[in-house]
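Below is one structure, written out as structure tokens; the observations come after it.
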Amino acid sequence: FAANDARLLSDAARIVCPYANGVDINCGCPQRWAMAEGYGACLINKPELVRDMVKQVRNQVENPRFSVSIKIRIHDDLTRTVDLCRKAEATGVSWITVHGRTVEERHQPVHYEAIKIIKENMSIPVIANGDIRNLKEAENVWHITGTDGVMVARGLLANPAMFAGYEETPLKCI
């Protein structure tokens, strides 16, 4: 979900709870419109709001197995990112997906070492994200970061059969 209000998010989570295993709070979208509206990556600078959103969902959804996760970007000062992650973990977030770029970075190389440092400081699962375009890159990122998994976005849009080991989507898949 794109959210910036704890009560509205918890209301939405209650509605989808019977039909989903959890919700993910988007704290990573760097698009200007999202940030101007108080959504996405601007939330990495509002750890108290992120904490409140996680806490409200935890308080409103009765299913203890319902997951609440966040996807974030990193700060220039990585200690701020680690602090944000620790606060989210203390509030009961299920896992954290980390896109290894700052809000300002678009096409620069992904900071996989930063994701590794974040993972080393957490006891909950951490998922690596950023510029993964094929299965070999996914495996490399997983090994470099030591994370619990990888998240792929554009790579899967280009090749939905990627995780099946295909370099290109076969016709039978279409």
Side-chain angles (χ1 to χ4, degrees), residues 1-4 9 12-13 15-17 19-45 50 53-54 57 66-76 78 80-82 84-85 88 93-122 124-174:
F1 284 117
N4 62 8
L9 174 65
I15 291 168
V16 302
C17 180
Y19 313 102
N21 292 326
V23 295
D24 184 70
I25 305 168
N26 181 344
C27 304
C29 180
Q31 293 182 25
R32 278 190 279 286
W33 72 267
M35 295 192 44
E37 296 292 326
Y39 301 113
C42 74
L43 294 173
I44 66 172
N45 296 314
V50 173
M53 289 193 294
V54 172
V57 173
F66 191 77
S67 71
V68 181
S69 57
I70 61 174
K71 181 177 184 249
I72 65 169
R73 282 183 172 245
I74 61 173
H75 294 92
D76 286 322
L78 198 55
R80 289 182 64 206
T81 310
V82 171
L84 168 68
C85 292
V93 78
S94 306
W95 76 81
I96 299 172
T97 302
V98 181
H99 183 99
R101 289 190 180 105
T102 66
V103 173
E104 295 80 24
E105 294 175 321
R106 294 293 192 274
H107 304 288
Q108 292 84 345
V110 177
H111 304 283
Y112 295 119
E113 287 298 317
I115 298 173
K116 180 179 181 176
I117 291 168
I118 294 165
K119 172 57 186 164
E120 291 170 349
N121 281 277
M122 304 301 297
I124 59 172
V126 174
I127 309 301
N129 175 245
D131 269 358
I132 301 168
R133 293 186 192 95
N134 58 54
L135 187 56
K136 183 170 176 56
E137 286 179 4
E139 291 169 346
N140 287 340
V141 168
W142 179 63
H143 286 293
I144 291 167
T145 60
T147 54
D148 301 280
V150 296
M151 176 189 172
V152 179
R154 285 183 281 175
L156 279 174
L157 290 173
N159 179 9
M162 181 174 110
F163 284 119
Y166 292 97
E167 291 297 319
E168 294 180 0
T169 304
L171 189 58
K172 67 181 178 182
C173 182
I174 296 168

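Numbering starts at 1 and runs along the sequence shown.
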**Prompt:** Judged by modelled atom types alone, do R80 and N45 share a side-chain donor-acceptor pair under 3.5 Å?
**Reply:** yes
**Asked** Should R154 and D131 count as side-chain neighbours, where that means a heavy-atom distance under 4.5 Å?
**Response** yes
**Side-chain touch C27/V50, heavy atoms, less than 4.5 angstrom** =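 The answer is yes, as the side chains (C-beta and beyond) meet within the 4.5 Å cut-off.
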Would you find a donor on one side and an acceptor on the other, under 3.5 Å apart, between the side chain of [X] and the backbone of [Y]?
X    : Y    : result
T81  : H75  : yes
W95  : I124 : no
D148 : V126 : yes
N129 : T97  : no
N26  : Y39  : no
H111 : T102 : no

Compare every heavy atom of [Y] with every heavy atom of [X], then report the nearest pair and how far apart it is.
X    : Y    : answer
V141 : A128 : CG1-CB, 3.7 Å
R73  : A41  : CD-CB, 4.5 Å
F1   : A12  : CZ-CB, 4.1 Å
V68  : V57  : CG2-CG1, 3.4 Å
G165 : L135 : CA-CD2, 3.7 Å
P160 : T169 : CD-OG1, 3.0 Å

**Message:** Determine whether M35 and V103 satisfy the following criterion, side-chain contact (heavy atoms from CB on, under 4.5 Å), listing intermediate values before the conclusion.
**Reply:** CA-CA 10 Å; M35 295 192 44; V103 173; 3.5 Å; yes
To the nearest 0.5 angstrom, please state how far the [atom1] atom of [X] sits from the [atom2] atom of [Y].
X    : Y    : atom1 : atom2 : result
K119 : I117 : NZ    : CD1   : 14.0 Å
E113 : T145 : CD    : OG1   : 9.0 Å
M162 : L157 : CE    : CG    : 10.5 Å
R101 : Y112 : CZ    : OH    : 7.0 Å
I72  : L43  : CD1   : CG    : 11.0 Å
I25  : I96  : CD1   : CD1   : 10.5 Å

**Message:** If we check side-chain contact (heavy atoms from CB on, under 4.5 Å) with I115, which of these qualifies: V150, V98, I144?
**Reply:**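 Going through V150, V98, I144 one by one, the side-chain contact (heavy atoms from CB on, under 4.5 Å) with I115 is satisfied by V98 alone.
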**Item:** Residues, nucleotides or ligands: over 12 heavy atoms within 6.0 Å of E167 CD
**Value:** no
**Message:** Atom CZ of residue position R106 - does it have more than 12 heavy atoms of other residues, nucleotides or ligands inside 6.0 Å?
**Reply:**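 More than 12 heavy atoms, drawn from other residues, nucleotides or ligands, come within 6.0 Å of this atom.
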